[in-house]
**Q** 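Please see the structure below; I have some questions.
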Amino acid sequence: VAYYRAMAPSILPYLKDRPLTIERFPDGIDGETWWEKDKPRGLPAWVRTVAVDASTRRDHIDFVVCDDEATLTYIANLGSIVLHVWYSHVPTLDTPDFILIDLDPFECGIATLARVALRFREELENIGLHPLVKTTGGSGLHVVIPLEPRYDYDLAKHFAELLARRVNGIAPDETTLQRTIAKRPKGTVYLDYVQVGKGKTYVAPFSARARDGAPVSMPLRWPEVEAMRRKRAPETTHEMARWTIANVPALVKKNGDPWAREGWVPQRLEAPLAAAQALWK
């Protein structure tokens with residue numbers, strides 16, 4: 001609770017106007033846990049919610065929308081360690097405002113993971129797009145492409161697949177598109193592009209994770225990823241666990257939000273798609 005209160009000015013811009021799914025751990029990370037989409041029982045009237053049509057027998061789901069510190073504090077006090085939000089926001093829930101590729105390492109070193117992330121940056125910059133990067137709070141990285149909210153989820157997912165296949169094509173020894181974990185080649189990074197879709201969520205920047213040491217999904221600047229490329233650590237989890245609820249508030253107070261410095265700039269896809277058609281044959 002203290003961590004989320006301290007980080008409210010930094011985390012709220014990434015939560016505002018977005019349906020929130022919470023991952024609750026009222027008995028600690030080794031106790032019973034569950035995901036909660038619908039508003040918790042007894043939710044105070046001052047907490048904002050948004051009704052979203054449900055694909056089940058229910059008419060709709062009332063998602064919490066976390067717009068202010070009071071709501072964030074209330075949600076944290078429910079034992080909600082991990083905060084998951086939609087790729088789109090109210091009122092344009094059908095049009096995502098970013099694309100995400102999840103880089104999931106499979107028994108590979110930090111240098112390999114960093115090289116793969118930097119390949120994504122290079123390919124995107126070659127077609128005129130500026131990506132951002134953050135840790136997942138686990139073992140991997142998220143490459144994020146901010147968008148103007150004018151494209152549907154089908155197009156966003158299609159672009160994510162094109163991009164993943166492009167990087168896999170130029171780095172087949174370090175990447176894989178194999179979804180089945182047991183079939184992934186050791187020493188590769190799984191390029192997960194299928195997480196893009198209406199109703200799907202990602203771990204919000206600065207969200208804590210339910211792991212030993214309480215690591216945080218930390219926005220990074222690209223020079224930090226470049227530095228990882230020069231490290232020899234045979235695995236990635238230890239490196240990604242450097243950012244925790246114990247040190248992130250002081251780091252952000254000193255240096256600011258890395259993504260704010262890199263610039264969350266909404267971008268259009270028409271020209272990059274045309275460039276990709278020419279460059280990615």
Side-chain angles (χ1 to χ4, degrees), residues 98-146 159-178 181 184-193 195 202-203 205-207 209 211 213 215-244 247-248 251-252 254-265 267 272 276 279-280:
F98 63 90
I99 293 171
L100 179 144
I101 305 287
D102 182 7
L103 308 185
D104 187 5
F106 185 65
E107 298 186 25
C108 74
I110 188 66
T112 300
L113 177 63
R115 280 196 302 270
V116 171
L118 292 168
R119 286 186 184 275
F120 274 93
R121 182 184 65 170
E122 180 180 7
E123 292 303 313
L124 287 165
E125 289 183 342
N126 284 343
I127 62 171
L129 288 171
H130 174 63
L132 301 173
V133 64
K134 72 179 182 74
T135 71
T136 63
S139 60
L141 292 170
H142 285 157
V143 174
V144 176
I145 309 161
F159 181 83
E161 181 177 358
L162 288 175
L163 175 61
R165 292 190 180 279
R166 167 65 176 177
V167 173
N168 177 240
I170 62 178
D173 295 333
E174 293 187 325
T175 65
T176 180
L177 299 176
Q178 176 57 251
I181 295 176
R184 293 178 192 169
K186 293 182 179 180
T188 63
V189 177
Y190 171 52
L191 312 181
D192 188 355
Y193 61 85
Q195 295 190 30
Y202 85 126
V203 176
F206 299 114
S207 172
R209 299 304 303 268
R211 297 171 179 264
V216 168
S217 181
M218 183 67 184
L220 302 177
R221 298 177 65 238
W222 283 107
E224 294 175 278
V225 181
E226 293 168 3
M228 292 178 190
R229 182 176 53 185
R230 297 186 289 271
K231 295 187 176 183
R232 297 183 179 181
E235 55 85 43
T236 64
T237 304
H238 180 74
E239 176 75 17
M240 298 303 159
R242 292 195 294 119
W243 297 276
T244 73
N247 61 18
V248 165
L251 287 172
V252 172
K254 178 181 178 181
N255 301 317
D257 176 357
W259 277 10
R261 295 176 64 186
E262 289 283 322
W264 180 287
V265 180
Q267 300 162 99
L279 293 174
W280 294 359

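Because only heavy atoms are used, hydrogens play no part in the values below, and waters and symmetry mates are left out as well, while side chains stay in.
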**Q** Would you say the side-chain atoms of Trp259 pair up with the backbone N or O of Val133, donor to acceptor, closer than 3.5 Å?
**A** yes
**Q** Measuring from atom CG of Asn168 to atom CD of Glu174, what distance do you get when rounded to the nearest 0.5 angstrom?
**A** 11.5 Å
**Q** Any side-chain to backbone donor/acceptor pair from Ser217 onto Thr135? Under 3.5 Å, distance only.
**A** yes
**Q** How many angstroms lie between CD1 in Ile101 and CD1 in Ile145, if you round to the nearest 0.5 Å?
**A**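 Answer for the CD1-CD1 pair, Ile101 versus Ile145, is 6.5 Å.
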**Q** Can you tell me if Glu224 uses its side chain to pair, donor with acceptor, with the backbone of Arg221 under 3.5 Å?
**A** yes
**Q** Using salt bridge (charged side-chain N to carboxylate O under 4.0 Å, His left out) as the criterion, list what pairs up with Arg119, not counting sequence neighbours.
**A**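 Partners of Arg119 by the salt bridge (charged side-chain N to carboxylate O under 4.0 Å, His left out) criterion come out as none, since no residue qualifies.
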**Q** To the nearest 0.5 Å, tell me how far Leu191 CG sits from Leu163 CG.
**A** 8.5 Å
**Q** With side chain to side chain contact (heavy atoms under 4.5 Å, CB included) as the criterion, how do Leu124 and Val143 come out once you've worked through the C-alpha distance, each side chain's angles and the decisive distance to 0.1 Å?
**A** CA-CA 10 Å; Leu124 287 165; Val143 174; 4.2 Å; yes
**Q** Gln178: which residues meet the side chain to side chain contact (heavy atoms under 4.5 Å, CB included) condition with it, sequence neighbours left out?
**A** Thr176, Thr180, Lys183, Arg184
**Q** Do Leu132 and Pro219 come within less than 4.5 Å of each other through their side chains, counting heavy atoms only?
**A**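 Side-chain contact under 4.5 Å: no.
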**Q** Which atoms form the tightest heavy-atom contact between Met240 and Ile110, and what is the distance?
**A** CE-CD1, 3.4 Å
**Q** Please tell me if the side chains of Val265 and Pro146 come closer than 4.5 Å, counting only heavy atoms from C-beta onward.
**A**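 With C-beta onward as the side chain, the pair stays apart.
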**Q** Tell me which pairs pass salt bridge (Lys or Arg N to Asp or Glu O under 4.0 Å) where either residue lies in residues 123-133, with sequence neighbours left out.
**A** Glu123-Arg166
**Q** Taking all heavy atoms of Pro105 and all of Gly140, pick out the closest pair and write down the distance.
**A**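 Distance-wise, the nearest heavy atoms are CD-CA, 3.7 Å.
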**Q** Testing Val116, Thr112, Thr188, Ile170 one by one against Thr175 for a side chain to side chain contact (heavy atoms under 4.5 Å, CB included), which residue passes?
**A**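 Answer after filtering Val116, Thr112, Thr188, Ile170: Val116.
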**Q** Distance check, rounded to the nearest 0.5 Å: Ile181 atom CD1 versus Asp104 atom CG?
**A**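 Nearest 0.5 Å value for the CD1-CG distance: 7.0 Å.
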**Q** Can you sort out the partners of Arg211 under side chain to side chain contact (heavy atoms under 4.5 Å, CB included), two or more places apart, ordered by chain and number?
**A**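 Checked Arg211 against side chain to side chain contact (heavy atoms under 4.5 Å, CB included); matches are Arg209, Pro215.
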**Q** Could you tell me whether the side chain of Tyr190 reaches within less than 4.5 Å of the side chain of Asp102, counting heavy atoms only?
**A** no
**Q** Tell me, with the steps shown, if Met228 and Leu113 meet side chain to side chain contact (heavy atoms under 4.5 Å, CB included).
**A** CA-CA 8 Å; Met228 292 178 190; Leu113 177 63; 5.9 Å; no
**Q** Do side-chain atoms of Asn247 reach the backbone of Trp243 as a donor and acceptor pair under 3.5 angstrom?
**A**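 Checked: no pair found.
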**Q** Any chance you could measure Ile99, atom CD1, to Tyr193, atom OH, to the nearest 0.5 Å?
**A**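 Here the interatomic distance stands at 13.5 Å.
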**Q** List in chain and number order the residues that pass ring-ring contact (aromatic ring centres under 6.0 Å, His included) with Tyr202, two or more places apart in sequence or in another chain; answer none if no residue qualifies.
**A** Tyr87, Phe98
**Q** Rounded to the nearest 0.5 Å, how far apart are CZ of Phe206 and CE of Met218?
**A** 5.0 Å
**Q** Taking the side chain as every heavy atom from C-beta outward, state whether Leu220 and Leu141 have any atom pair closer than 4.5 Å.
**A** yes
**Q** Do NZ/NE/NH1/NH2 and the carboxylate oxygens of Arg121 and Glu226 come within less than 4.0 Å?
**A**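 Answer for the salt bridge query: yes.
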**Q** Partners of Glu235 by salt bridge (charged side-chain N to carboxylate O under 4.0 Å, His left out), sequence neighbours excluded?
**A** none
